Amino acid sequence: MKRYLPAKWVVACLLMIFIWVTGCAKHNMSVLDPQGPVGKVQLNLLYLSTGIMTFVVIVVAVIYIYVVVRYRERPGDEEKDPPEQVAGSKKLEILWTSVPILLLIVLAIPTISTTFTLNKKPDPDHSIRINVIGYQYWWGFEYPDYKVTTSNEVHIPTGKKVEFILKAHDVIHSFWVPSLGGKEDLTPGRTTRLVLQADKPGIYEGKCTELCGASHALMRFRVVAHQPEDFEDWIASQVTPDSTPKNKQAEQGRRLFAQNCIGCHAIRGAGYKVLGRTAPELTAFSERTRIAGVLDNNRANLKSWLKNPQGIKPGNRMPAFDHLTDQQVEAMVEYLETLK
Amino acid sequence: MEANTQPTQAQTGKQDSGLKYVASFALMILLTAVAFAAVAMNIVPQGWVIPLILVLAAVQVFLQLFTFMHLDLKKDAVTVSFMVTGLFIGVVCAVAVAILV
Amino acid sequence: MRIEEQTASVAGLPAEPEKATLEGKNKILGFWFFLAAETTLFATMIGTYLALKGETMNGPTPYELFKMPMVAFATLILLTSSLTSVLGIMGMHANQLKKLLQWFGITILLGAVFLGLEVYEFMEYAHEGHTFTSSAFGSSFYLLLGTHGGHVLFGVLWILGLMIQGRKKGITVHTAPKFYVASLYWHFVDVVWIFIFTVVYLMGMIP
Amino acid sequence: MATLIVIIVFALFLGAILTGGYNREYLERMQKSWIWQWITTVDHKRIGILYLLAGGFFFGVAGLEALLIRIQLMFPDNQLLTGDFYNQVLTMHGTTMIFLVALPLLFGLMNVIVPLQIGARDVAFPFLNSLGFWLYFAGGLLLNLSWLFGGAPDSGWTNYATLALNDYSPGPGINYYVLGLQIAGIGTLISGINFLVTIVNMRAPGMSYLRMPLFTWTTFVASILILFAFPPLTAGLFMMMFDRLFDTKFFAISGGGNVTIWQHIFWIFGHPEVYIIMVPAFGIFSDVISTFSKKRLFGYNSMVFATVLIGFLGFMVWVHHMFTVGLGPIANTIFAIATMAIAVPTGIKIFNWLFTMWGGRIRFTTSMLFAAGFIVTFVMGGVTGVMLAVVPANLQVHDTYFVVAHFHYVLIGGTIQGFFAGLYFWWPKMFGTLLNERLGKAHFWLFYLGHHLTFFPQHFLGLFGMPRRIFTYMKGYELEMSNLLSSIGAILMTAGVLALLYNIMLTLRKGEPAGSDPWDGRSLEWAISSPPPVYNFAQIPRVRGLDPWWLEKYEGDGTLKAAEPLGPIHMPSPNHLPFLMAMSFFISGLGFVFHSWQVGFLGLIGVAIILFVRSFEEDHGYHIQPDEWNGVES
Ligand code: HEA
Ligand code: HEA
Ligand code: CUA
Ligand SMILES: [Cu+2]
């Protein structure tokens, strides 16, 4: 007779998979490698709960394996009388009601206390505030204390609490930077808050985690954490951006931008009379690491973005500019890629 | 379809009486009037008006259920428990939707 | 359909003809379950109304809007119809078809008056800029009230249909559960109104 | 729209022509055809089989959609299904699986088995039973028609406003969602009430509440959940429909609407819904495990109590889907604690199953394999659920693949495996033949290992930062390997399902006859022939204890005791009105989807007319006389 040993097989398989897929991610996008206190607290809770849960699974698995091996029907058993028809056992039932309750209490207490501490409003003198506005499918950031706006890349100082004040422009989005800490939704008609902090300078990947339409998958952003001094420098450079065209081609680009793009986009310090507010602000665009959150920021990519934004981010709100000649597009690329 | 575990209970001789209905009807009108008065006139302390009128409404519901709709705590235990559960879940959901938005 | 043993009977009909057959008992129990389900339906709508009643978008607020005397009158009418419908059931238990039909007739008449009042009330509100689409307050108000009104309308038509049936077939163990269930429905609609009256109108009066 | 009408008319003509032209006998001929008999049937066993057929069909459809998802995500930056189309596939996969697969498959088993288990001739309302099925089918059809006409819904099965409003989903897709689910939902509510009344009023003499088999009990509890959970969904769908079709402002921010309300309403329904499709599977496992361990269920009373408690708590936890909405720490922790509390009654059940097997004599048939496999899988899925209830941790893993892993562990490990266990278990009762055990075991192992291969790595995907509902992910973030494994697992699962299909085909052609009691069963359904006669029990049995059939076999003389003398058996007559009514609803729904109010109201008028007709109809049914029986059973 063929033997089936389901449990052993499963455990072996699972262990193999486990070993295979674990291993730390090096790209600052993993919950398991937190870079700030919030993420660390949350990871600790994850570990605590994983510990308790592993214990539960092991207890169940041990009884299970024992039962399945010990009490399987063996050849010849058919002739015997059926096993005793046990009704139950008070003692056992009390045991397996009370032990889980205890385990859950162990889990519930830190859950409650952490939930309340994470919701505390930070002290305004030792923190900064950043307004986050979610649009299909990009992120607007405002620094109300500095009168600076930017998009798709948010800069923060290290070692300081950052209070993100979250609003949605159109549909629900959700703001998540896995290596810094948990997420919070941006809901139209409501304002929500999320406090995060980065301990080390670096670039942290962020993403939208609430289905928000065709390009939800591509609604990515980055958090750039600086040493506090560097952060002050960055703010200063944003307050007085260098938006003047550096050469003739760029000057042509500046003009074309005024004709085609300014209705939606804004570039501060370039002498435009209107500043569009329905698309990402492009001030100091050349300092960005990505275009629209998905492409590396270089000239070739910018060109293909301008030619065919829909192909890159389906359903986004920027029209294609295929009526512009290559030369014109290049002029705009030249201009945008020299904005500092 | 004779499979039936609840043979008809011997009628307890409890006949409908028009008087009972009229009385509970009068009571309901009275309760409604009190609720109305509580809101329209300044006879109840401010914070108590809403709890009071909700309680009055609840009393009326039970009047309806147990007189007009002939529920009987013993004979219709299943029905009563379903209605109470429904009311309970309904209240929890309504209150949550009303305050957690 | 076997008529089960009965201890008391009135003029050849079991004392509670609606529960004399398994079919009738099933029907009544099933209908109770349905009413329990409707409880959470209306609860959801009431919760939604409470959450949205402040969102008037500069339209009239509940306090400015509601016509309390009329609503109080409508309440009186609906409560009375509850009484008349149970009197109808009393008639049924006494195996008096005429009494049953009479009281049921008065019931739906009162129901129709209630509906008329409600339609008139809504027209007034619409004049003041309070419509189904004017604001979230309007939407949730008309959804709740409309669902209730729809129930009343359905009840009127249903009982009307039953009265025709009663005319044709009389009170039997087959028709009795139908009458009974319809009266349960009518009371339930009344219960819902008590809540609407309290939560929407009375609480709307508290500024 | 017009296309559809043309197709319907054309089909009618075709039917007439192929069967010999339209003449006076046409209707009569139709009535004798097997199609007509299945359409008008009110026999609970046949309706059960209809549920299985329809649910199985939709399982194929939704499974293919799952395969598309996995193929798209097999490699980073894949360009097969992008953007909106992926969202449609994803939405339809989730919606179909939850509403049109899981519940109906279980309904199928309930319909066939529950009346047998309680010793009844039929359900309480055979007419409504048929209506419930046809409404479900009409709703499902309407929903899936979206693929052909106008595009499928694309806002996820949760369908959050404002994405689901006209401004952001202008096509008819969401209209299909709203109306399809509304119609199917009414059907489900009707069936739920039907089961409740059946169980309360139709139990055989002696079958007290605490002697009911667990599958009956869980059907009862699931029906209670249906009773209280579906009406809020109905209300919510109405609001969504009015916002989309008639410009109301429930969720429209511009008119003061509030999108959080939809989330509340959806989850007030949605959380009980996942228990609605889990709890009946618990019942199946209880029956299967005790039968194949040859032991009475350990701790029967606490099993019943735990089931009821799970059902009740199921209504008090919905906010755990909304921890990131920002409702405040008080609300979040209250609901977190309530959520964790559910682990206790569920644990009671798990240990009772283990101790039912303890000391027993376990026979690993395919059915038992699925049940045994369930225990480990479900505990893994359940404990990740408790992890998700830890609010701060939830903020990290919410809306990531960690959640996807959690719910597939419970849904597949619980509901789908439960269904498979029940299918192998009761197939002989339904069709009189045994499914092939070798193929069955192949099915189990492929499906089971495939499941773990598919969904275990997804826990890590979530922790590595992969959100759910994304159609693509980037290279170089450690996501490639797990996604590839996951997709390979899905292929294994497909192979498993194909093994089942092959098995069914084989068995239907030449299956081994089963006899009335192939597994040495414990409950009443095993006391009558397989498949059971239309009237189920020639004489309603008298029940003398828990596990009545086991009792009679091992402590009695092996025959059921009758509770009534032999006599003519009353049967309800077949009826075509349920089908017509469902079609009217379908037409009405289709009209509203396309803003065609005339068609919409026409359908509703049809419904009203049918209601009226039904109210006046007197169904006297027919009687089967004792001499028409083909022998009295055992
Ligand atoms: C069959 C369906 C099913 C079942 C049974 C469950 C069961 C549970 N679920 Fe799950 N859940 C879903 C289907 C289901 N879920 C779905 C579909 C979603 C996603 C919806 C969406 O967003 O699309 C979801 C999402 C979901 C969330 C939200 C995640 C998020 O979006 O952020 C949460 C959070 O608390 C949760 C928790 C739980 C818990 C605590 C249980 C508990 O009932 C589990 C209890 C079981 C056990 C715990 C194991 C056995 C117990 C023991 C052996 C005793 C000892 C144990 C302990 C002491 C821990 N579920
Ligand atoms: C009961 C419920 C259920 C079941 C059984 C499944 C089964 C499967 N699911 Fe599903 N899933 C959900 C419910 C379910 N799912 C829900 C609710 C969501 C959330 C949706 C949302 O976010 O809105 C989801 C989301 C979801 C995702 C996340 C998508 C995303 O967020 O982007 C993924 C990804 O891997 C996935 C995969 C699978 C796979 C591989 C299976 C496999 O197990 C499928 C195996 C079955 C088959 C492969 C069928 C084989 C078919 C044939 C052999 C053809 C026969 C043909 C005919 C008869 C016509 N599912
Ligand atoms: Cu924004 Cu997803
Ligand atoms: Cu849940």
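If you're wondering where the values come from, they're calculated on a predicted model, not measured in any experiment. Worth knowing before you read on, the calculation uses all heavy atoms, side chains too, and leaves out hydrogens, waters and symmetry mates. Throughout, a chain's letter reflects where its sequence line sits, starting with A, and its residues are numbered from 1.
Comparing D/Val259, D/Leu327, D/Ile268, D/Val319 by heavy-atom pairs within less than 4.5 Å of chain B, the highest count is held by D/Ile268.
D/Phe230 has its side chain within reach of D/Ile276: a pair of non-hydrogen atoms, C-beta onward, lies under 4.5 Å apart.
Atom CG of B/Leu19 sits in a sparse spot, with 12 or fewer heavy atoms from other residues, nucleotides or ligands closer than 6.0 Å. Other residues, nucleotides and ligands contribute more than 12 heavy atoms inside 6.0 Å of the CG atom of B/Leu27.
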Query raised in the report: Should D/Ile265 and D/Phe269 be marked as a side-chain contact (heavy atoms from CB on, under 4.5 Å) after you check the CA-CA gap, both sets of side-chain angles, and the distance that decides it?
Result: CA-CA 6 Å; D/Ile265 296 178; D/Phe269 151 78; 5.9 Å; no

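Heavy atoms of D/Ile118 lying under 4.5 Å from chain B are absent altogether. Only the side chain of D/Met316 comes within contact range of chain B, with at least one heavy atom under 4.5 Å from a heavy atom of that chain.
Between atom NZ of residue D/Lys45 and atom CD1 of residue D/Ile113 there is a gap of 10.0 Å, rounded to the nearest 0.5 Å.
Each of D/Asn194, D/Val42, D/Ile190 was scored for a side chain to side chain contact (heavy atoms under 4.5 Å, CB included) with D/Phe125, with one residue passing: D/Asn194.
Closest non-hydrogen pair, D/Leu225 versus D/Tyr275, comes out as CD1-CB, 3.9 Å.
At distances below 3.5 Å, at least one donor-acceptor pair connects side-chain atoms of B/Asp76 with backbone N or O atoms of B/Asp72.
By a heavy-atom distance cut of under 4.5 Å, B/Gly86, B/Phe88, B/Ile89, B/Val92, B/Cys93, B/Ala96, B/Val97, B/Leu100, B/Val101 are the residues of residues 86-101 of chain B near chain D, going up by number. The stretch residues 48-61 of chain B places none of its residues near chain D, where near means some heavy atom under 4.5 Å from a heavy atom of that chain.
You'll find the ring centres of D/His320 and D/His271 inside the 6.0 Å limit. Centroid-to-centroid, the aromatic rings of D/Trp318 and D/Phe335 come within less than 6.0 Å. Ring centers of D/Phe195 and D/Phe220: at least 6.0 Å apart, outside the cut-off.
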